[in-house]
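Every chain is numbered from 1, with letters handed out A, B, ... down the list of sequences. Keep in mind it's a predicted model, so treat the numbers as computed, not measured.
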Protein chains: 2
Amino acid sequence: MEKYKIDEVAKECGLTKRTLRYYEEIGLLPPPERSDGGIRLYTREHIERLKRLINARDVLGFSLQELQTYIGISEQLDSYRQGYRQTEDQGEKLKKLLEIEPVVGNQLRLINEKLMKMIEIRDEVEQFHLRVQQAIARESGEGQ
Amino acid sequence: MEKYKIDEVAKECGLTKRTLRYYEEIGLLPPPERSDGGIRLYTREHIERLKRLINARDVLGFSLQELQTYIGISEQLDSYRQGYRQTEDQGEKLKKLLEIEPVVGNQLRLINEKLMKMIEIRDEVEQFHLRVQQAIARESGEGQ
DNA sequence: ATACAACTTAACGTTAACGTCAACGTTAAG
DNA sequence: CTTAACGTTGACGTTAACGTTAAGTTGTAT
C-alpha cells in the first residue's frame, strides 16, 4: 500500500500542512502511521476520508466540531459493518443503532432544508443574471 | 410605514442586537432611521433584506466580506432599475452592466457547483440512513 | 414625576481555525 | 558523509464574528 507524506496530502487536498496536523490534533483525522523517524505516512484511505470531510465542511458549512459528530456517526456504522454477524452483544448493537437513527434522520432533514433554500437562492441569482443580460442587450442595441 | 426597534428585528431574524449593530458597523446593513433620541427604527425592507442576507450566509456559507460584494451587486442592479430610462449617461450604464455580468455569472456557476456537491452528500446520507433503518429492522426482527 | 425596561456607544474579552516562527530531527541525493 | 529539503513539536500571533460589561440615555407606564 502506498504511503504519502504530509505535503503531498496537503497539496492534493488543497490544505496546508498545519491544517492537517491541526485536524489530527483535534481528532478530526485519525493519527496516521509514522516512519521510524516519526514522519507521518498517510494512505489513500486517509486522503479519501479527508476529501469527504472538506466537502462537508465547504458545502454544508459545518464547523469542525459538527464534523466530529458527523464523522463519529459514519465511524459507528463502519464498526457496525465490521462486527456484522460476530458474537458481539446483539442488544448493544440494536441500542446503538436506535441511538444513531434519529441523529442521521435529523441530519438528512437539515440537509434537505438547506438544499431547498439553496435552490431558491440559485433561482434568484439566475433571474438576476438574466435581467442583467437582457439589460445589456437592450442598452447596447439602443446606442446605434 | 411601520417601524421596528432593534430587539424586535433581532428576534424575528434569530440574531442578537449586538449582531445587528455589528452588521451595520461593517456596512452590511444600511443605517436605519433614528428617533429624536437616537434609537434605531427599522422598516420592513430592512428586515427582508436582512433575512436574505442571513440565508446567503447560512446556506452559501459566505463570510461577511463576501456578503458585502454579494450585496453590492444587488444594490447596483437596484440602482440600475431606479435610473432606468432616465437621462443618465448611457455609456456608463452599459459599462457597469458589463462589469457586473461576469461576476454574477461566476456566482451562479459556483452556486450550481455547490448545489451538485450538496446533492451528492444528501444522497450519501440518505443511503446511510436507509442502511441504518434496515439494520434496525433486521436486528430487532432477529431477537425473537 | 418617577421608575424601569429597552436603547445607546465604547471598550475589552472570547472562540474557532488556522498562520507563523523557532529550534530541532529525518531522509534522499550527490 | 554532509548538505538541502522536508519533517517534527511547541508556542505565540492573527482574524472574523461576535459576546459581555459598563456607564449613560430614552421611552413608557403608572
Side-chain angles (χ1 to χ4, degrees), chain A residues 1-44 46-47 49-72, chain B residues 1-44 46-47 49-72:
Chain A
M1 217 198 303
E2 240 204 295
K3 306 290 167 125
Y4 303 82
K5 290 194 211 168
I6 195 166
D7 203 38
E8 307 178 71
V9 179
K11 272 172 186 161
E12 179 168 344
C13 298
L15 299 178
T16 69
K17 294 177 280 183
R18 171 65 168 120
T19 300
L20 287 186
R21 297 199 195 99
Y22 177 63
Y23 283 8
E24 182 182 334
E25 186 185 333
I26 64 171
L28 211 55
L29 291 180
E33 189 193 346
R34 300 284 189 120
S35 78
D36 287 353
I39 286 180
R40 270 169 262 254
L41 299 173
Y42 296 91
T43 72
R44 263 291 129 200
H46 280 97
I47 297 180
R49 178 193 169 121
L50 179 53
K51 282 186 179 176
R52 289 214 312 275
L53 240 115
I54 295 169
N55 243 304
R57 186 195 64 177
D58 292 346
V59 176
L60 302 181
F62 279 8
S63 73
L64 301 190
Q65 266 217 24
E66 291 169 316
L67 285 181
Q68 309 249 24
T69 78
Y70 176 84
I71 278 190
Chain B
M1 216 198 304
E2 240 205 294
K3 305 292 169 123
Y4 304 81
K5 291 196 213 169
I6 195 165
D7 202 38
E8 307 178 71
V9 179
K11 272 173 186 158
E12 178 167 346
C13 298
L15 300 177
T16 68
K17 293 177 278 182
R18 170 64 167 125
T19 299
L20 287 186
R21 297 200 194 99
Y22 177 64
Y23 283 6
E24 182 183 336
E25 186 185 332
I26 64 173
L28 211 57
L29 291 180
E33 190 193 347
R34 302 282 190 121
S35 78
D36 287 355
I39 287 180
R40 270 169 260 255
L41 299 173
Y42 296 91
T43 71
R44 262 292 130 198
H46 279 98
I47 297 181
R49 178 195 170 120
L50 179 53
K51 282 187 179 175
R52 289 212 313 275
L53 241 117
I54 295 169
N55 242 303
R57 187 195 65 177
D58 292 346
V59 177
L60 303 180
F62 280 6
S63 73
L64 302 190
Q65 267 218 23
E66 290 169 318
L67 285 181
Q68 309 249 23
T69 78
Y70 176 85
I71 277 190

B:Ile39 atom CD1 is separated from D:dG24 atom C1', nearest whole Å, by 13 Å
Determine: side-chain N/O of B:Tyr23 to OP1/OP2 of D:dC18, distance under 4.0 Å, yes or no. yes
Residue pair A:Tyr22/A:Gly38 against DNA chain C: nearer the 5' end by closest nucleotide is A:Tyr22
Note, DNA chain C 5' to 3' with Watson-Crick or G-U pairs under 3.5 Å encoded as ( ), [ ], | and . gives ||||||||||||||||||||||||||||||
Check nucleotides 28-30 of chain D for protein N or O atoms closer than 3.5 Å to its own N or O atoms and list the pairs.
none

To the nearest angstrom, the NZ-P distance between B:Lys3 and D:dG27 comes to 14 Å
Between CG of A:Leu41 and C1' of D:dG7 the distance, given in whole Å, is 11 Å
- Is the CD atom of B:Gln65 crowded by more than 12 outside heavy atoms at less than 6.0 Å? no
When rounded to whole Å, the CZ to P distance for the pair B:Arg21 and D:dT20 reads 14 Å
| Looking across every strand, which nucleic acid part, if any, lies under 4.0 Å from B:Ile6 by heavy atom: base, sugar-phosphate, or nothing? | sugar-phosphate
Rounding to 0.5 Å, atoms OH (B:Tyr42) and CG (B:Leu20) come to a distance of 5.0 Å
When rounded to whole Å, the CD to P distance for the pair B:Gln65 and D:dA17 reads 7 Å
query = Hey, does the side chain of B:Thr69 reach the backbone of B:Gly72 with a donor-acceptor pair shorter than 3.5 angstrom?
reply = no
Can you confirm whether B:Arg49 sits close enough to B:Pro30 that some side-chain heavy atom of one is under 4.5 Å from a side-chain heavy atom of the other? yes
When rounded to whole Å, the CD to C1' distance for the pair A:Glu8 and D:dC6 reads 11 Å
Under a plain distance cut-off of 3.5 Å, with no hydrogens placed, do B:Tyr4 and B:Arg40 share a side-chain donor-acceptor pair? no
side-chain contact (heavy atoms from CB on, under 4.5 Å) test vs A:Arg57 passes for just one of A:Tyr23, A:Phe62, A:Tyr70, namely A:Tyr23
Rounded to the nearest 0.5 Å, the CD1 atom of B:Ile6 sits from the CG atom of B:Leu15 at a distance of 10.0 Å
Task: C:dT8 OP1/OP2 closer than 4.0 Å to side-chain N/O of B:Arg40 - done: yes
Comparing nearest nucleotides in DNA chain C, the 5'-proximal residue of the pair A:Arg18, B:Arg34 is B:Arg34
query = Would you say A:Ser35 reaches D:dG7's phosphate, i.e. side-chain N/O to OP1/OP2 under 4.0 Å?
reply = no
Between CD of B:Glu25 and C1' of C:dA10 the distance, given in whole Å, is 10 Å
Can you confirm whether more than 12 heavy atoms, excluding those of A:Lys11, are under 6.0 Å from its NZ atom? no
Minimum side-chain heavy-atom gap A:Thr43-A:Pro32 below 4.5 Å: no
Among C:dT8, D:dA17, C:dA16, the one nearest any side-chain atom of B:Leu64 is D:dA17
Using only side-chain N and O atoms of B:Thr19, determine if any of them is under 4.0 Å from OP1 or OP2 of D:dG19.
yes
| Heavy-atom distance under 4.5 Å between the side chains of B:Val9 and B:His46, does that happen here? | no
In whole angstroms, the gap separating C1' of D:dG7 from NZ of A:Lys17 amounts to 7 Å
